[in-house]
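Input: a single structure, listed below in structure tokens.
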Amino acid sequence: MGTRTLIDIHDDLKLLITAISGFGEGEEGFQICERFALSQIKHHRYLSVNSHAVKKEIEELVQKFLIQGKYHVAKEFQELVDSFLTSFDYERHPQYDIQWALLSLLLNLANETSRSESSFHGQQSRDQNVTISSEEDKSEEIDWAQYLKEGQEEFFCDYKSDSDSEFSDDENDGQLSLPLQKQQGAPCDKLNATILSSSIQVSNTSGSKSIPLNIVSRNWLSKNVQNTWWNELEWHRYKVESEFQSAHFHGNWNKHTSKNANTIGTISEYQVCREILWMFHCQSPMTLFKKVSDTRLSIQDVSIPSLTSVALKSILLSYCEYFEMMQKIEEFATNLSKLIGNSTNCHGPPLTFEAYISAVQKEVFLIKHELVHFEMKFLKQDNQQTLLSLSRDLKVYLDRIKMIFEIHSDVIEEWEASSNWDSASKLLSNLYFRMLNSHNCESVNLCASLYLSSLCVYLNIVDKWLTEGRLEDWRDEFIIFKSSETVDCTSQEDEKTIEGFRSRDIDPLCLKDPMMKVLLSKVFQMGRSVEFLVTLDRISDLWDLMNHENVIKKSLNEELRKEISREKLRYEDLDFRDSMESEPSKSIQISTFPLQESDIENNIMQQVSATHNPFLTKAFDSFISPNTDSDSVDAKVTDLNHYSNRVMKLLADTSIESFSKSNTVLPWQRIFKNSFSKALDSKFSGASKLVKDILVREYKLEEQLHLMRSVYMMENSHIMNKFCKLIFTEIESNGMWNNSYFVTCLLEEILSHEWPDWSSHWSITVTNIRTTKVLEAVKSINLHYAVGWPMNILLNKVSLAKYNKIFRFEVKLKWALWTLNTLRFSDLEGTGAKDMVQHFHIRRLESLRFWLLHAIGSIHSYLSGQILQSLGDTLTKSLADSESLEAIVRVHSEYLDNVLEHCLQTENFEDLTLTIYKLLEMCGEIRERWNSDQLVFMGKALDQLENDYVKYHTYLALGLHNAVQHKDADYLTGLSSAFNCSMPST
């Protein structure tokens with residue numbers, strides 16, 4: 001098989017997999033299907049397609065359509081097959097019998113051809129001479145009389161109404177199913193006899209055998225039983241038998257005010273109430289309501305006898321607003337389901353929106369369910385129900401619908417214009433802040449319920465990620481995503497590409513959400529720890545640890561709801577709570593409140609009781625325990641048992657309805673945050689501890705970081721001093737210092753005496769530069785530490801660059817001190833006699849040397865003792881307290897930043913650093929003049945050196961003082977005192 005053919009087949013396979021499965025190329029399922037299909041194509045050993053079998057299958061399928069009476073389908077199918085076979089010269093195609101292979105594939109992929117139903121409704125009327133030939137072939141006729149009599153006694157006798165006719169409770173696809181009409185004043189037996197005689201007459205009518213039975217039945221129903229008054233609204237009049245004139249107000253109003261011949265029909269008030277109740281379930285055109293547009297409803301020209309049409313319209317229009325709200329919510333759910341099934345959208349809408357709209361629909365369903373019970377009571381007419389009483393009873397449901405719609409409109413605004421993660425995170429944050437800013441208890445608890453339902457998608461993603469190490473975000477809606485990143489290492493062979501995690505660019509509103517902050521901090525840290533274990537193939541150790549610690553094997557969603565129920569107990573107004581706190585029982589110990597909180601509440605109760613203020617006592621009524629007799633021990637035990645049962649019931653009830661139907665406003669912000677943190681810690685805190693144990697025990701984290709401080713920052717100065725003296729000598733003697741291999745061997749030999757296991761990890765690179773000045777040569781030296789994964793997460797290129805910056809600064813200070821300490825007084829005295837001027841110059845040079853020793857020695861002592869040693873101890877303590885990989889990385893990074901700042905190697909102290917470098921350069925100038933032969937002509941040079949030193953010293957003293965005073969650099973207090981207390985004078 002040629003290469004080009006394989007490429008074409010591969011491309012077609014991708015399109016076929018996408019069309020059949022709906023997977024995108026980046027998904028795991030797509031890759032599995034692709035590997036399977038390619039293996040089947042490349043290595044198949046199947047025979048060629050049997051063209052005769054395909055022809056026979058096509059003929060059988062055509063015959064099937066003909067038997068079912070689908071003649072046009074059979075004809076069109078045969079024409080399509082013939083057109084396909086003649087559309088291309090398949091004989092010249094390199095693939096033999098490809099046309100039959102394609103037809104076989106299409107037949108195998110065809111859907112529901114075997115489930116096609118026969119439709120004989122139109123076929124029965126084709127032959128008008130169809131008759132029943134024999135009694136055996138005659139189909140069983142329906143006994144319509146007996147069928148219609150079934151249940152009629154219960155319907156007509158139990159529920160009596162003053163209305164002329166009644167609506168049916170059934171609905172079919174938004175259309176009314178019209179009920180039987182009860183003839184006023186006619187007894188049930190008379191009606192039954194009429195129906196029976198009519199059915200017998202119809203069944204015995206001559207010539208009825210040539211007419212389909214269903215048409216005969218429908219005609220009989222429309223003439224004998226079916227109500228048709230809504231088709232006659234323009235002239236229909238509902239007869240009212242009442243002596244009160246107000247019951248005939250519509251007729252009297254039209255009689256005296258109507259100026260034209262147009263009249264408006266009237267129906268009963270009972271029928272109006274029934275249709276209002278129906279509209280809550282199906283917002284479609286009916287008798288009273290009509291559609292003006294897709295989302296707007298209006299009222300028909302109809303009225304009731306006791307009201308004018310204008311008055312009835314004003315009443316019914318107030319309901320249209322709520323019907324439109326329910327319709328918009330249903331349209332949103334419908335549009336969302338269309339987006340889910342849209343094949344052009346690979347990812348689809350966020351699953352968070354699916355969970356949200358499911359919770360909203362559940363709330364709407366609860367309202368509809370309660371309205372069904374309300375309608376059943378309304379049907380019985382036990383109490384006199386009117387349009388006004390209906391409006392009063394429905395107010396609570398209307399308010400609930402309006403509340404749901406306002407929340408819905410607020411949280412889904414412009415969601416389709418945003419990316420999935422942006423819209424999902426904004427939905428959760430909007431629900432969260434809506435919950436905090438709502439003005440009443442019902443709205444707060446409803447938002448809390450919707451928020452918890454919508455959050456379950458994020459919780460499932462987190463649960464799968466932290467349990468199995470797989471971040472399964474199929475809709476790209478989670479605020480953390482996986483990306484491949486290359487870990488920086490010191491050598492190319494140590495570089496490792498791993499799956500990293502990053503946070504998405506979300507809306508600023510979400511960044512203020514406390515729950516989002518927990519996801520971005522705690523979950524992100526735990527996720528990196530789990531990914532670390534997966535990369536090391538140590539995820540099984542985490543499962544063993546969880547089993548050993550008896551971690552509950554529940555989903556994070558269930559665990560969170562349990563924690564929320566426990567947190568709710570701290571704020572719910574439970575019975576017997578005060579008695580439990582004031583008089584605890586020793587035999588039954590039930591405590592859901594911390595000791596400190598109970599002490600505070602007891603203190604409040606005592607103070608309120610001592611004030612004898614009735615208004616204050618009333619305000620704190622729920623906190624003060626009632627005065628009860630405590631003589632009966634049995635009564636207390638009963639109360640405690642009742643309290644215990646209630647607590648256990650509340651802990652067991654974690655449903656969404658329990659959160660939305662609470663009667664009190666709870667501090668949901670604190671409840672959600674505390675519960676989420678506790679649920680995460682109880683399930684997944686072991687991952688972070690396991691990662692730290694692996695780094696400390698197996699990868700010697702603390703030892704390696706101590707090695708970094710000992711070498712780069714020269715904490716073990718006796719070792720690095722040897723290296724510094726050797727490198728100083730090599731540079732100044734113009735030796736092989738710029739040979740990286742030579743310098744690396746020199747460093748390795750020195751380090752091997754103290755750290756033989758780690759000496760081979762060190763290397764030095766030197767840029768190609770020729771100089772004998774140490775200050776210039778040090779700039780081209782880079783010290784490297786070869787470390788593999790996972791320690792390169794901490795010791796990456798950025799960290800090593802900071803270490804090298806500190807190392808070079810330390811080396812320069814070491815060189816300055818080494819230079820000054822190597823200057824001997826005997827070199828200035830010489831062998832010859834000196835005059836007074838030469839003695840004076842010698843003393844001035846010695847004074848400059850002491851000044852520089854004091855200045856540079858103060859800086860070196862400040863760094864080596866006060867800063868590097870103390871910060872190193874702080875790092876050791878912080879690492880011991882860290883409980884996650886993220887915390888270890890953060891502590892190490894903060895340590896390096898603090899060291900750079902304390903060593904004056906940041907931009908804020910750039911002017912001070914330049915001044916220190918001027919002092920270091922002055923050390924070289926002093927050494928050049930440290931010679932007895934140059935004392936005669938040194939007067940002006942000494943004046944310049946002394947003036948420069950005084951200037952630099954003064955500038956450092958003032959700069960350090962200002963840094964302490966204005967930059968809050970308290971750590972520079974000691975160094976500032978060293979320069980300010982020893983100000984030189986010329």
Side-chain angles (χ1 to χ4, degrees), residues 280 318-319 321-330 332-333 352-353 355-371 374 391-415 423-456 458 507 509-510 512-516 560-561 564-565 567-573 622 650 653-676:
F280 284 102
S318 62
Y319 290 98
E321 178 185 0
Y322 301 96
F323 298 151
E324 292 169 1
M325 292 177 185
M326 300 182 72
Q327 187 175 1
K328 289 179 180 178
I329 294 175
E330 292 297 330
F332 177 83
T352 305
F353 274 82
Y356 159 75
I357 196 60
S358 176
V360 172
Q361 287 181 314
K362 190 172 184 178
E363 293 291 340
V364 175
F365 174 78
L366 292 176
I367 296 175
K368 292 181 180 180
H369 185 69
E370 293 178 1
L371 286 174
F374 178 81
S391 301
R392 183 189 67 247
D393 296 336
L394 291 180
K395 187 177 185 304
V396 60
Y397 304 108
L398 299 180
D399 293 341
R400 183 76 173 180
I401 293 172
K402 186 176 182 180
M403 182 192 307
I404 295 174
F405 181 76
E406 288 178 351
I407 296 173
H408 173 73
S409 302
D410 187 25
V411 300
I412 66 164
E413 186 177 2
E414 299 180 356
W415 73 276
S423 57
S425 58
K426 286 174 66 176
L427 171 69
L428 294 174
S429 296
N430 284 328
L431 281 172
Y432 187 84
F433 288 112
R434 178 88 186 190
M435 173 185 66
L436 298 183
N437 300 327
S438 296
H439 61 282
N440 61 6
C441 172
E442 190 176 2
S443 178
V444 170
N445 295 325
L446 177 60
C447 290
S449 172
L450 296 177
Y451 178 78
L452 191 59
S453 300
S454 305
L455 188 64
C456 67
Y458 272 20
D507 194 84
L509 176 69
C510 303
K512 301 177 183 178
D513 187 351
M515 294 292 287
M516 290 295 175
L560 176 61
R561 295 190 183 185
I564 290 176
S565 299
E567 287 289 325
K568 280 178 60 181
L569 284 177
R570 301 179 65 242
Y571 304 101
E572 287 281 2
D573 187 15
S622 60
L650 287 174
D653 189 7
T654 60
S655 61
I656 301 300
E657 292 81 359
S658 65
F659 300 137
S660 62
K661 292 184 178 181
S662 179
N663 296 324
T664 57
V665 177
L666 301 175
W668 288 111
Q669 179 180 7
R670 182 171 181 176
I671 289 176
F672 279 139
K673 186 177 180 180
N674 293 345
S675 301
F676 192 33

### Message
For a side-chain contact (heavy atoms from CB on, under 4.5 Å) check, start with the C-alpha distance between I367 and M326, then their side-chain angles and the critical distance, and finish with the verdict.
### Response
CA-CA 11 Å; I367 296 175; M326 300 182 72; 5.6 Å; no

#### Entry: Set of residues satisfying salt bridge (Lys or Arg N to Asp or Glu O under 4.0 Å) with respect to D507, sequence neighbours excluded
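Partners of D507 under the salt bridge (Lys or Arg N to Asp or Glu O under 4.0 Å) test: none.
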
### Query
By salt bridge (Lys or Arg N to Asp or Glu O under 4.0 Å), which residues pair with D393, not counting sequence neighbours?
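If we apply the salt bridge (Lys or Arg N to Asp or Glu O under 4.0 Å) test to D393, skipping adjacent residues, there are no hits.
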
Side chain to side chain donor-acceptor pair (under 3.5 Å) with [X]: which residues, sequence neighbours excluded?
X: T352; result: E477
X: Y356; result: H408
X: S391; result: Y319

Atom pair [atom1] ([X]) and [atom2] ([Y]), whose distance is rounded to the nearest 0.5 Å:
X: K368; Y: Q361; atom1: NZ; atom2: CD; value: 8.5 Å
X: L366; Y: K362; atom1: CG; atom2: NZ; value: 7.0 Å
X: I329; Y: I401; atom1: CD1; atom2: CD1; value: 8.0 Å
X: L455; Y: L560; atom1: CG; atom2: CG; value: 6.5 Å
X: M515; Y: F676; atom1: CE; atom2: CZ; value: 5.0 Å

#### Entry: side-chain contact (heavy atoms from CB on, under 4.5 Å) partners of C447, counting only residues at least two apart
I407, R434, M435, S438, S443

### N-O pairing of R400 and E442 below 4.0 Å
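Here R400 pairs with E442 in a salt bridge, since their nearest N and O are under 4.0 Å apart.
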
### Sole candidate of V411, L446, I412, I404 that passes side-chain contact (heavy atoms from CB on, under 4.5 Å) when paired with V360
I404

### Query
Would a 4.5 Å heavy-atom cut-off, applied to side chains only, mark Y451 and W668 as touching?
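No. Closest side-chain heavy atoms not under 4.5 Å.
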
#### Entry: Contacts of F280 that satisfy ring-ring contact (aromatic ring centres under 6.0 Å, His included) - sequence neighbours left out
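Counting only residues at least two positions away or on another chain, F280 forms a ring-ring contact (aromatic ring centres under 6.0 Å, His included) with F323.
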
### Query
If you look only at pairs with a residue in residues 321-330, which of them pass as a side chain to side chain donor-acceptor pair (under 3.5 Å), with sequence neighbours excluded?
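Not a single pair qualifies under side chain to side chain donor-acceptor pair (under 3.5 Å).
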
Side-chain atoms of residues 426-433: list all donor-acceptor pairs with protein atoms under 3.5 Å, sequence neighbours left out, distances to 0.1 Å.
residue	atom	partner	partner atom	Å
S429	OG	S425	O	3.1
S429	OG	D513	OD2	3.2
N430	ND2	K426	O	3.0

### Query
Can you name the closest pair of heavy atoms from S449 and E363 and give their distance?
OG-OE2, 3.9 Å

